[in-house]
Amino acid sequence: MMNYDSFYIGGAWVPPEGKGEFVIASPSSLEPVGRVPAGSPADVARAVSAARGAFAAWSATTGPERGAILARAAELLEGRREDIAQLITSEVGMPIRMSRAIQAGLPLEAWKRYAERAKTHAFETRLANSRILQVPVGVVACITPWNYPLHQVTAKVAAALAAGCTVVLKPSEVAPLSAFLLAEALDQAGLPAGVFNLVVGDGESVGEALVTNPEVDMISFTGSTAVGKRIARLAAENLTRVSLELGGKSAAVVLEDGDLERAVKNTINACFLNGGQTCSALTRLLVPENRYEEARAIAAKAASRFVPGDPLDDQTRLGPLVSERQKNRVLDYIGKGIDCGAELVAGGLEPVDGPGHFVRATVFGRVNPASAIAQEEIFGPVLSIICYRDEDEALAIANGTKYGLAGAVWSQDEARAQGFAARMETGQIDINGAPFNLDAPFGGFRHSGYGRENGPYGLSEFLEERALQLPQDA
Ligand code: NAD
């Protein structure tokens, strides 16, 4: 059990003003795995005031000074790599083998890279008679979801600290535990008091207290589109800048000459990763009408390998969903898919034995692109295979949802695949199964939000330009 009874505010562990607590239960065994306090608007006020108080001194440090502290934090986190993987598997339910690589591996690598980036980034450039300074935007509120808890926290906090901002983090109350490990590492690394502050709470009271606090200069939010819209509306009151990483309904498009076997297997893996609870999951597979039967057979076989099981077992490929609420939501969508006449290729509504929030890996075929399962973010292991007649129709279907976060294109002719990708209205597109790049800009178009995270793009989100015009003879 990981039990915490205080928040990290102003460089110290302080008892919360709020009285409640969140009990975090394993989504597999339903046994408690940790407890954290439930904060209140008063805790938010204290945390924001600490971040405001620390801003002047932290923003005046040099990039190399900040980088040295971040590098120490990265080393301390590295020492807890296995703890992080086990912890996140216990609270989120991602199979441990994948957790080691993604839930622990990715954020650890990102901390190292932001430490290095802080040391080497040119925060000042010259443009004719102007000195262009990139200055930190100020106090940043980071609000994050539960599905990749440390990865999403890192994309914001590491970049904001590298930029010279001070931070108040409100992680998801569903999976907050790794944020406490991070606070311990930053404290031990010698981060000055008030530069990083941690408060946990629900969205309505604690989240909104943070969003509406006039001392917050920027809100960096990852989560659902509905909450993102609400945050943007609330933030408008103080003209607080906002970056939004929201939902998705991403399409993998197999062009006429694409390698169907590889494309289908790769899409199934990407769709069912973390039980489908991935914002950039490829949840729609577009295939030429005349290759549908072949695609269906490959998909059925590939899906059968995703057998629900204990996420702490090294062999498991499909863990539980994070909560009962999430499980019911996904089952509801599977019911809608059956009701609207889509072909059930794999999985379905049959319950899984055991106490956990399990749902079967489900594939629907010949899905109508206008139906709910092809339009709405399900956030569970559900793939829709959609047939198209020609490339124009494929493009219209791929672009035919309100989202635009990720995508994939498959063709033996790489130039053709890139040409198609250029017409997709989405932020990241993988060509022929190419791997994730931790430094490439990550973010959406339309209802998937605005702003970019990771690498140099993530750093610049937290910087603003200031121009000093110098006399011509300077
Ligand atoms: P959510 O929107 O319910 O919650 C996200 C965070 O916002 C939590 O910390 C929550 O407490 C807080 N929150 C909720 N209501 C709030 C309010 N009114 N004001 C301020 N804060 C509030 O999302 P979730 O269920 O935790 O995560 C799943 C969603 O996140 C999915 O839609 C998924 O696509 C999205 N997501 C997007 C990305 C991305 O990078 N684009 C990455 C991961 C997840």
Side-chain angles (χ1 to χ4, degrees), residues 22 36 38-39 41 44 91-92 94 102-103 106-107 141-156 159 168-176 178-179 198-213 216 219-235 237 240 242-250 273-283 321-323 325-327 329-330 376-380 401-407 426-428 436 438 440-454 457-458 461:
F22 294 106
V36 302
V44 169
E91 60 180 357
V92 176
M94 185 186 226
I102 300 176
Q103 301 282 16
L106 270 188
C142 301
I143 303 180
T144 54
W146 45 263
N147 53 338
Y148 292 90
L150 189 59
H151 172 63
Q152 284 139 353
V153 162
T154 297
K156 300 178 184 319
V168 177
L169 168 65
K170 191 204 89 60
S172 167
E173 63 275 29
V174 177
S178 55
L198 170 67
V199 175
V200 184
D202 65 12
E204 289 72 20
S205 64
V206 172
E208 292 197 10
L210 200 46
V211 169
T212 53
N213 189 308
V216 168
I219 300 147
S220 177
F221 173 76
T222 299
S224 60
T225 296
V227 173
K229 286 183 186 175
R230 169 131 184 98
I231 287 177
R233 277 196 296 271
L234 292 171
E237 189 57 36
T240 307
V242 178
S243 80
L244 300 172
E245 298 286 344
L246 309 177
K249 191 72 192 175
S250 300
L273 181 71
N274 204 18
Q277 302 165 119
T278 303
C279 53
S280 54
L282 299 170
T283 51
L321 298 185
V322 76
S323 63
R325 183 164 157 246
Q326 195 64 22
K327 172 183 160 183
R329 181 187 144 87
V330 174
E376 294 168 25
E377 183 179 54
I378 299 174
F379 234 51
T401 76
K402 64 182 180 179
Y403 296 110
L405 188 58
T426 180
Q428 282 220 343
F436 182 70
L438 186 55
F442 186 91
F445 286 81
R446 299 183 289 179
H447 284 231
S448 292
Y450 41 76
R452 292 294 179 267
E453 292 194 318
N454 297 341
Y457 312 91
E461 287 283 306

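Order of appearance sets the numbers: ligands from 1, and atoms from 1 within every ligand. Because the structure is a prediction, the values reported are computed rather than measured.
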If we only count heavy atoms from C-beta on, is the [X] to [Y] side-chain gap below 4.5 Å?
{"X": "Ser220", "Y": "Glu453", "result": "yes"}
{"X": "Ile102", "Y": "Leu273", "result": "yes"}
{"X": "Pro171", "Y": "Gln152", "result": "no"}
{"X": "Val174", "Y": "Glu91", "result": "no"}
{"X": "Ser178", "Y": "Val153", "result": "no"}

Out of all atoms in ligand 1, which are within 4.0 Å of some heavy atom of [X]? Include the element for each.
{"X": "Pro145", "answer": "24 (P), 26 (O), 27 (O), 43 (C), 44 (C)"}
{"X": "Glu377", "answer": "31 (C), 32 (O), 33 (C), 34 (O)"}
{"X": "Asn147", "answer": "43 (C), 44 (C)"}
{"X": "Gly247", "answer": "34 (O)"}
{"X": "Phe221", "answer": "2 (O), 5 (C), 6 (C), 7 (O)"}
{"X": "Ile143", "answer": "6 (C), 7 (O), 9 (O), 12 (C), 21 (N)"}
{"X": "Val227", "answer": "2 (O), 13 (N), 14 (C), 15 (N), 16 (C), 17 (C), 22 (C)"}
{"X": "Gln152", "answer": "42 (C), 43 (C), 44 (C)"}

Option whose closest heavy atom lies nearest to [atom], chosen from [options]:
{"atom": "atom 23 (O) of ligand 1", "options": "Cys142, Ser224, Gly451, Gly248", "answer": "Ser224"}
{"atom": "atom 38 (C) of ligand 1", "options": "Gly228, Cys279, Gly449, Ala281", "answer": "Cys279"}
{"atom": "atom 18 (N) of ligand 1", "options": "Glu208, Lys170, Glu173, Arg230", "answer": "Glu208"}

Nearest protein heavy atom to [atom], by residue and atom, and its distance?
{"atom": "atom 28 (C) of ligand 1", "answer": "Phe379 CE2, 3.6 Å"}
{"atom": "atom 17 (C) of ligand 1", "answer": "Gly203 O, 3.4 Å"}
{"atom": "atom 21 (N) of ligand 1", "answer": "Gly207 CA, 3.7 Å"}
{"atom": "atom 9 (O) of ligand 1", "answer": "Thr144 O, 2.8 Å"}
{"atom": "atom 24 (P) of ligand 1", "answer": "Trp146 NE1, 3.3 Å"}

Nearest 0.5 Å, what's the [atom1]-[atom2] distance between [X] and [Y]?
{"X": "Asn213", "Y": "Leu234", "atom1": "CG", "atom2": "CG", "result": "12.5 Å"}
{"X": "Thr225", "Y": "Glu245", "atom1": "OG1", "atom2": "CD", "result": "11.0 Å"}
{"X": "Leu321", "Y": "Asn147", "atom1": "CG", "atom2": "CG", "result": "11.5 Å"}
{"X": "Phe442", "Y": "Ser280", "atom1": "CZ", "atom2": "OG", "result": "4.0 Å"}

Using a heavy-atom cut-off of under 4.0 Å, does the side chain or the backbone of [X] touch ligand 1, or both, or neither?
{"X": "Phe442", "value": "side chain"}
{"X": "Leu246", "value": "backbone"}
{"X": "Thr278", "value": "neither"}
{"X": "Leu234", "value": "neither"}

Side chains of Thr222 and Lys156 only: does a donor on one sit below 3.5 Å from an acceptor on the other?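 Yes, a side-chain donor-acceptor pair sits under 3.5 Å.
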*Scan side-chain atoms only and decide if Tyr403 and Thr426 contain a donor-acceptor pair under the 3.5 Å cut-off.*
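Not at all, the side chains of Tyr403 and Thr426 share no donor-acceptor pair under 3.5 Å.
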[X] to ligand 1: N or O pair under 3.5 Å?
{"X": "Asp202", "result": "no"}
{"X": "Gly223", "result": "yes"}
{"X": "Glu204", "result": "no"}

Taking Glu461 first and then Arg452, would you say they form a salt bridge - that is, a charged N and a carboxylate O separated by under 4.0 Å?
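Salt bridge flag = no for Arg452 with Glu461.
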Exercise. Quick one: does Gly444 get within less than 4.0 Å of ligand 1, heavy atoms only?
Worked result: no
Handout entry: Donor-acceptor pair, side chain of Lys249 and main chain of Glu376, under 3.5 angstrom
Key =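 Pair found, side chain donor or acceptor close to backbone of Glu376.
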Side chain to side chain contact (heavy atoms under 4.5 Å, CB included) with Ile231: of Thr212, Leu210, Val211, Thr240, only one passes, and it is Val211
